[in-house]
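To keep things clear, I will list the structure first and then write my remarks on it.
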There are 2 protein chains.
Amino acid sequence: MNPASAAETAPPSSGPAAAKAAPDDAAQGVPNRGRRAARPSGDERQRAILVAAERLLGEKDFADVTIDDLARGAGISRPTFYFYFASKQAVLLTLLDQVAHEAEKRTADVFSDLSAAPSAAWRKAIEAFAGTFAAHRGVSVAAAAARSSEPELAAEWATLTNRWIDATAAAIGAERDRGASPAGPEPRLLASALNLLNERVITAALTGLEPTGPALRAPALPGAVEDTIETLLHIWLTSIYGAVPADP
Amino acid sequence: MNPASAAETAPPSSGPAAAKAAPDDAAQGVPNRGRRAARPSGDERQRAILVAAERLLGEKDFADVTIDDLARGAGISRPTFYFYFASKQAVLLTLLDQVAHEAEKRTADVFSDLSAAPSAAWRKAIEAFAGTFAAHRGVSVAAAAARSSEPELAAEWATLTNRWIDATAAAIGAERDRGASPAGPEPRLLASALNLLNERVITAALTGLEPTGPALRAPALPGAVEDTIETLLHIWLTSIYGAVPADP
DNA sequence: CACCCTCTCGACAGGGTGTTGACTTCATCA
DNA sequence: TGATGAAGTCAACACCCTGTCGAGAGGGTG
């Protein structure tokens, strides 16, 4: 049995390492970044830990996941876990890196056609934002939670959201420059607030138990998520393109 | 078994009507989450724990505060702590109750003069919101952080913010009824999003600045907090009173 | 074959949580 | 007054989780 592949219930028998043969693993089409071995390679083990972590984060809170869970999920012992990661947080950090990397692709050309159809473009941006969170619900929720007690995680999260904020601020500035949008708060300040708005509303929707309004309380209702996105879009559009009315 | 732990640490499978309060907490609006009051020295001890907790939360993360810290801060031993509170979380819950109780007063008449000067009224509301957070920075930040792993805390936080959301939604509905504001997203949906916006932006400001001291009162940059509030107000006003522009 | 380098885990140390059971105080009442 | 029982207190314990150490087991390489 190969502990790296799908062996879920890790055999606690430490005696004979059963996974011994498996000689021609590298003969296949997938080159494994140069390293190959009879017993599962370090790369495979490391990936197994990450896979186990993402699966466990779909089942329970990050705080409730122990290092033993991670290790057994990857078919190794707890001390061996420390050969690959310094801590639980380091695993989450790596996972967050992956999400950030994927998010970069997803949001690359989001603001390309702003002048043609602003409303549609902003909607695309918000949906890209929400889609990135939703596609990695466990990691997003865990990172948002652990952020407050883990400075490294907070820093990584900050750089991730700063990318969005920078892009948003640039887009707002461009809209003002071409006269499509009136003056208002400093673009970066407005962009920060709007992105924090999205972050909070979306994580609230993802965690479920939050005060996000009647629509999200009953997720069975069709259109609940669409209503939320529609509300976000309304706030983005009015705050970017609308002017503050004067008091009577 | 302790009298306190019997009441507070509710097993998830136990009776649903578990929040049966002790008969002696009718003197205040704050439910008694600790021990059932009996001896004055006991009350003082309980209060000493709460005071120590709020002080410690001004110095370090909630996760870094141990029960031993709390106990020693109150001049008792660790086991004695359990006579008064079932857990660290129960202490934070009680602190959050106090904040909620105080917040209720603070935000009672915030929307009274909306029709006279809408902009000024909404600003007052946002400042009341921010002021409540800032006045209890440690508790707010700790509760926002622990919320994700403590369902009871999440529920308490939800009822707290739901009060604001209800008031906001009612005010938005009133503005629409009197013709001051155009149609838009469902009032409660919009109110939820706007309140989550405030929560996130304000906690970000609270955690981002100095770890100690009244962050909102004396920020590093003079005017930084005013700018943030101004940005929030801009988003509130435009999203409540502005209409979404049509795409060309 | 000898050597090293990657990889593995049993065993330990340490710190945190929550519980137990014996003990002290003290108000109350027969 | 002395018995009673509830309120309050804590040393010691059981347990869980984290992180480390040192003794290895293999393959790759000369």
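Lettering follows sequence order; numbering is per chain, from 1.
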A:Y82 side-chain N/O to D:dC21 phosphate OP1/OP2 under 4.0 Å: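 Checking D:dC21 against A:Y82, no side-chain N or O comes under 4.0 Å of OP1 or OP2.
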Residue pairs involving residues 137-164 of chain A (criterion ring pair (Phe, Tyr, Trp, His ring centres under 6.0 Å); sequence neighbours excluded):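 Found A:F129-A:W164, A:F133-A:W157.
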A:L206 backbone acceptor or donor facing A:R137 side chain under 3.5 Å: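 Side chain of A:R137 to backbone of A:L206: a pair is present.
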Within residues 66-78 of chain B, residues whose heavy atoms come under 4.0 Å of DNA chain C: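 Correct list: B:T66, B:I67, B:R78.
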Take atom [atom1] of [X] and atom [atom2] of [N], then tell me their distance rounded to the nearest Å.
X     : N      : atom1 : atom2 : result
A:F85 : D:dT20 : CZ    : P     : 16 Å
A:D64 : D:dT18 : CG    : C1'   : 16 Å
B:F81 : C:dG18 : CZ    : P     : 8 Å
A:F83 : C:dC9  : CZ    : P     : 12 Å

Taking the side chain of [X] as its heavy atoms from C-beta onward, which of [options] lies nearest to it?
X     : options               : result
B:P79 : D:dT9, D:dC10, D:dT18 : D:dC10
A:T80 : C:dT8, D:dT9, C:dT19  : C:dT8
B:R45 : C:dG18, C:dG10, D:dT9 : D:dT9

With sequence neighbours excluded, residues passing side chain to side chain donor-acceptor pair (under 3.5 Å) with A:D166: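 So A:D166 forms a side chain to side chain donor-acceptor pair (under 3.5 Å) with A:R188.
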Counterpart residues, side chain to side chain donor-acceptor pair (under 3.5 Å), relative to B:T80 (two or more places apart):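 For B:T80 the side chain to side chain donor-acceptor pair (under 3.5 Å) partners, ignoring immediate neighbours, are B:S77.
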Please set out all donor-acceptor pairs under 3.5 angstrom arising from side-chain atoms of residues 60-71 of chain A, sequence neighbours excluded.
{"from": "A:K60", "atom 1": "NZ", "to": "A:D69", "atom 2": "OD2", "distance (Å)": "3.2"}
{"from": "A:T66", "atom 1": "OG1", "to": "A:D68", "atom 2": "N", "distance (Å)": "3.3"}
{"from": "A:T66", "atom 1": "OG1", "to": "A:D69", "atom 2": "N", "distance (Å)": "3.1"}
{"from": "A:T66", "atom 1": "OG1", "to": "A:D69", "atom 2": "OD2", "distance (Å)": "3.3"}
{"from": "A:D68", "atom 1": "OD2", "to": "A:R72", "atom 2": "NH1", "distance (Å)": "3.3"}
{"from": "A:D69", "atom 1": "OD2", "to": "A:T66", "atom 2": "N", "distance (Å)": "3.1"}

side-chain contact (heavy atoms from CB on, under 4.5 Å) partners for A:A52, two or more places apart: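 With sequence neighbours excluded, A:A52 shows a side-chain contact (heavy atoms from CB on, under 4.5 Å) to A:R55, given in chain and number order.
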